[in-house]
*Asks:* 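This is the structure I have questions about; it appears just below.
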Amino acid sequence: MDKCKNEMDGYAPAEVEKKWQDFWEQDGTFCVREDDDRPKYYVLDMFPYPSGAGLHIGHPEGYTASDILTRYRIADGYNVLHPMGWDAFGLPAEQHALQTGTHPAINTAQNVDRFRAQIRRLGFAIDWSREINTTDPEYYRWTQWIFLQLFKHGLAYVDERPVWWCPELRSVLANEEVVNGRSERGDHPVERRPLRQWVLRITNYAEKLLKQLENLDWPDSTKRQQKAWIGRSEGAEIDFAVEGHREKIRVYTTRVDTIFGISYLVLAPEHPLVSQLTTVACSEEVARYKKMTAAKGDLERTDLAKGKTGVSTGACALHPLTGKRIPIWIADYVLPTYGTGAIMAVPAHDERDYEFAQKFNLPVIEVVRPKHETVEKKLPFCEFGVLCNSEEFDGLDSIPAKAAILQCLREKNMGRAAVNYKLRDWLFSRQRYWGEPVPIVWVDKRDYEKISQAKASPFQEFLPKTPIFFEENGVRSFAVPLHSSHLPLLLPEVPDYHPSDGGESPLAHATKWLHISLNVMSGQVKADDGEALGDDWVRGRRETNTMPQWAGSCWYHLRYLSPHCDSAPVDPKAERYWQNPDFYIGGAEHAVLHLLYARFWHQFLFEIGVVSTPEPYPRLFHQGIILGEDGNKMSKSRGNVVNPDTIVGRYGADTLRLYEMFLGPLEAVKPWDSRGIEGVVRFLRRVWQWFEGCRLAGKFTEKNDCDEVVERLLHESIQKVRNDIENLQLNTAISQLMILLNHMQSQEKIPLQMGRTFLQLLAPFAPHIAEELWQRCGGTASIVRTPFPKADGEKLLQKTAVVVLQVNGRLRGEIHIPMDLAERDVLRLARCHPAVEAHLADREIVREIYVANRLVNFVVR
RNA sequence: GCCCGGGUGGCGAAAUGGUAGACGCAGAGGACUUAAAAUCCUCUGACCGUAGGUCGUGUGGGUUCGAGUCCCACCCUGGGUACCA
């Protein structure tokens with residue numbers, strides 16, 4: 001039936017769209033290269049994970065928006081790069097492999113093919129010759145290379161640490177992948193397990209990542225989230241002597257001004273000094289509490305509703321300023337990973353300490369009072385105020401008091417200013433198969449010395465100043481980086497995709513790959529078959545961890561610039577030309593992780609001279625989520641999923657593009673409405689019928705004279721569409737096109753030139769229909785490169801203005817006046833307006849307000 | 001709890017402090033048609049009415065000649081974050 005409709009009115013999107021997609025592809029319309037004659041513009045979409053479910057209705061939202069910007073910039077004379085690729089490592093492919101036994105690469109390739117076909121059907125202006133795939137060895141070769149650079153510069157290290165282990169997924173998860181004690185993917189329960197892990201020193205970059213946020217044109221909420229995630233705080237470290245011990249306890253506090261209010265210290269149960277300090281009498285309790293804490297997950301531990309727990313160590317510290325004895329406790333509300341893992345507790349001015357003090361009957365000493373008497377006195381009082389009970393500091397305000405007390409501590413060498421961050425180092429290894437292998441080999445101490453002393457050894461290329469090693473059963477293993485000629489280090493074939501019994505990645509099953517011999521001098525690497533080796537040879541075991549999915553997306557914006565470059569991650573010439581994406585669009589769910597990790601890597605690559613800019617994404621935009629018709633998030637279980645293929649099949653890609661943009665503001669969360677789509681279906685059909693009608697009936701005129709009102713509307717529309725595209729207000733741009741069409745349709749005759757301009761305005765939004773009608777109206781080449789219309793300032797000038805008349809702010813009428821008529825004359829005309837006159841009768845005019853060419857307001861009494 | 005967004009017709013939404021509801025959906029009436037579909041035209045915030053008026057942007061205050069827009073307090077809702085000392 002739908003087909004029948006289309007035949008009747010002549011508009012057959014399926015044919016038109018196929019025709020132009022083929023044309024663009026054969027013509028290479030969107031293939032770009034560096035061109036110094038035109039300004040460059042780089043548009044980047046967050047590349048998709050090619051899931052087995054195929055394209056989601058949310059994908060075309062961001063892609064259409066960026067495509068509109070792309071096509072607009074091309075028409076406006078820019079050399080525009082708009083690439084696409086696949087973030088194809090990841091868990092679902094691995095789980096599929098576990099279930100079916102087929103190599104994840106096979107499944108991934110199928111998914112990629114499907115995604116590519118689906119995306120192509122939407123007619124995006126993408127340079128497909130630059131397509132990248134993070135699982136392509138030629139791609140991950142450079143991911144590994146960047147890792148080795150980080151390693152060389154001391155930014156990668158190994159650490160045995162309790163990590164999130166998901167028994168269901170049989171994998172380690174990063175903190176960020178655990179939400180409320182469950183895995184972000186799959187929502188399975190997780191637990192703590194100590195495992196040897198690779199960690200990247202992102203904390204070295206905390207300050208830079210924080211500072212440089214300021215200059216980025218990003219949504220404020222995203223900047224705020226990153227800022228909060230980095231979590232910088234300024235405070236002081238204070239050292240407390242402990243009675244009967246030489247060791248001191250160092251605490252971190254942001255409230256030195258409350259130092260006279262300390263009533264006890266708290267160490268995290270994991271604090272290294274706990275065992276030493278605990279008195280014999282308390283040791284049993286302390287041991288029990290430590291054990292209990294260890295068994296708790298972080299979720300349980302950080303559950304605020306649980307109430308405070310803790311035990312005394314029996315030991316006492318001495319107050320650095322008063323010498324008073326202060327009991328030392330341990331409690332799990334103090335985290336080992338933040339600050340120094342120890343705090344000074346001031347119950348009067350900290351909610352957590354207050355709760356703890358109440359429970360264990362510890363003293364509450366008030367040392368800060370509200371500045372204004374009017375503030376209700378209630379403890380704990382956690383704001384700044386005026387000091388009391390603080391000896392010579394009494395009467396000082398909190399802020400100057402902090403400085404004064406800190407100075408005093410510094411003089412006694414008992415404290416100093418300190419800055420702390422919430423940001424933790426980045427846990428960079430996964431015990432999985434489907435990820436980039438870490439290009440490291442473990443050797444014993446003697447062999448490592450051999451390598452580090454052989455200055456000509458290829459293994460020196462990425463050798464760090466400080467060796468990286470780990471100890472197991474008293475034996476140390478040292479990390480040797482592969483040479484760049486060994487890259488890519490390919491994923492080996494494995495007989496089984498499950499982790500090994502020791503919790504090691506499935507790569508541990510690839511025994512031939514795993515155990516190797518290295519020639520220190522030649523750099524040769526071969527399987528270790530057990531035969532005797534010469535002097536230049538050492539034996540090693542490969543690292544079996546793989547990298548997390550974030551790795552590939554940390555630098556993909558660079559690979560697009562020279563996707564086939566085989567001498568560097570990015571060709572320096574291409575990098576200098578394209579620099580950063582001028583526009584980056586993707587979901588707000590990546591506000592912290594991807595965007596922070598990518599900034600970290602890019603900053604690092606800047607420092608080692610690979611790129612010329614410190615920040616990767618100067619301008620960022622988040623498209624909102626499209627909900628199901630019921631207002632809920634689309635999901636299979638709710639049965640409210642809208643499939644883009646269905647929509648394209650029924651109405652065509654132009655309609656889907658236009659409708660997704662017309663739904664509402666791009667950044668807003670908004671529900672899909674299957675009835676609402678009729679509006680844009682009709683609009684496009686009217687566009688077609690009107691153009692074809694005019695063309696066939698000879699209503700297009702060659703002369704450029706036409707109704708002044710319509711002509712002005714055209715120029716207003718040009719201006720509005722331009723502005724709206726640049727500000728990503730695409731819904732209102734489409735409204736404007738509808739308004740313009742409505743007016744043009746009512747004309748008897750219309751200049752062909754005007755019709756063509758309309759098509760140019762429409763082209764970024766609905767490119768296929770625009771191309772087809774452009775051609776039918778005599779356009780000789782593709783509409784893509786025809787210069788985007790510019791509004792004529794003179795045509796925008798109005799000769800008359802509509803002035804609104806108000807009495808006491810209420811609308812009473814309107815008058816049409818010649819533009820810029822003198823105020824006196826406007827007011828006279830206004831007073832004569834019958835409706836206004838009626839409301840002015842018997843009243844005294846107190847004030848007359850005139851907003852030029854817009855409004856008159858009489859204030860009467 | 002804390003930090004951000006957002007509350008406008010039956011629905012999606014527009015509105016540099018200056019005519020609230022553009023544009024579209026849905027609805028009503030009409031035209032065309034043997035009929036239906038499609039298309040086109042008119043109406044469509046609420047209330048009272050003949051004209052015309054009154055009320056209306058989550059609630060209550062405030063600033064202003066004038067507030068959806070600015071300020072204060074509160075309610076609801078979406079998101080982020082969570083013992084970070």
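Throughout, a chain's letter reflects where its sequence line sits, starting with A, and its residues are numbered from 1.
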*Asks:* Among B:C23, B:G12, B:A85, which nucleotide sits nearest the side chain of A:Ser735?
*Replies:* B:C23

*Asks:* A:Gly676 near the nucleic acid: base, sugar-phosphate alone, or nothing, with a heavy-atom cut-off under 4.0 Å?
*Replies:* sugar-phosphate

*Asks:* Nearest to the side chain of A:Met738, which nucleotide is it out of B:A85, B:C23, B:G53?
*Replies:* B:C23

*Asks:* Side chain of A:Glu814 only, heavy atoms from C-beta on: which candidate in B:U19, B:A26, B:C23 is closest?
*Replies:* B:U19

*Asks:* Among residues 845-861 of chain A, which contact RNA chain B at a heavy-atom distance under 4.0 Å?
*Replies:* A:Arg847, A:Ile849, A:Val851, A:Arg854, A:Leu855, A:Asn857, A:Val859

*Asks:* How about A:Tyr659 and A:Trp672: are their ring centres within less than 6.0 Å of each other?
*Replies:* yes

*Asks:* Pick base, sugar-phosphate or nothing for A:Gln225, based on heavy-atom distances below 4.0 Å to the nucleic acid.
*Replies:* sugar-phosphate

*Asks:* Locate the shortest heavy-atom distance separating A:Glu237 from A:Ala418; write the atom from each residue and the value.
*Replies:* CG-CB, 3.7 Å

*Asks:* I'd like to know if the side chain of A:Tyr651 reaches the main chain of A:Pro13, judged simply by a donor and an acceptor atom lying under 3.5 Å from each other, with no hydrogens or angles considered.
*Replies:* no

*Asks:* Can you figure out which of B:C23, B:G53, B:C83 approaches the side chain of A:Arg812 most closely?
*Replies:* B:G53

*Asks:* What nucleotide among B:A13, B:C25, B:G24 has an atom nearest to a side-chain atom of A:Arg675?
*Replies:* B:C25

*Asks:* Quick check for you: among B:C23, B:A85, B:U19, whose closest atom lies nearest to any side-chain atom of A:Val802?
*Replies:* B:U19

*Asks:* For A:Val346, what residues pass the side chain to side chain contact (heavy atoms under 4.5 Å, CB included) criterion, not counting sequence neighbours?
*Replies:* A:Thr258, A:Ile262, A:Met344, A:His349

*Asks:* Nearest-nucleotide wise, let me know which of A:Leu335 and A:Gln806 is further upstream toward the 5' end of RNA chain B.
*Replies:* A:Gln806

*Asks:* What is the separation between atom CD on A:Glu823 and atom P on B:G18, rounded to the nearest whole Å?
*Replies:* 18 Å

*Asks:* Does a side-chain N or O of A:Arg810 approach OP1 or OP2 of B:U54 to a distance below 4.0 Å, or not?
*Replies:* yes

*Asks:* Take a 6.0 Å sphere around CD of A:Glu726 and say whether it holds more than 12 heavy atoms from other residues, nucleotides or ligands.
*Replies:* yes

*Asks:* Among B:C4, B:A85, B:U81, which nucleotide sits nearest the side chain of A:Ser221?
*Replies:* B:C4

*Asks:* As a test of reading the structure: which of B:C83, B:C23, B:G53 is closest to the side chain of A:Asn742, going by heavy atoms?
*Replies:* B:C23

*Asks:* With a non-hydrogen cut-off below 4.0 angstrom, is A:Ser233 in contact with a base, only sugar-phosphate, or nothing?
*Replies:* sugar-phosphate

*Asks:* Does A:His743, at its NE2 atom, have more than 12 non-hydrogen atoms belonging to other residues, nucleotides or ligands within less than 6.0 Å?
*Replies:* no

*Asks:* Taking the six-membered ring of A:Phe356 as reference, does the cationic atom of A:Lys308 (NZ for Lys, CZ for Arg) lie under 6.0 Å from its centre and within 45° of its axis?
*Replies:* no

*Asks:* May I ask you to say what A:His349 touches in the nucleic acid, namely base, sugar-phosphate or nothing, with a heavy-atom cut-off under 4.0 Å?
*Replies:* nothing

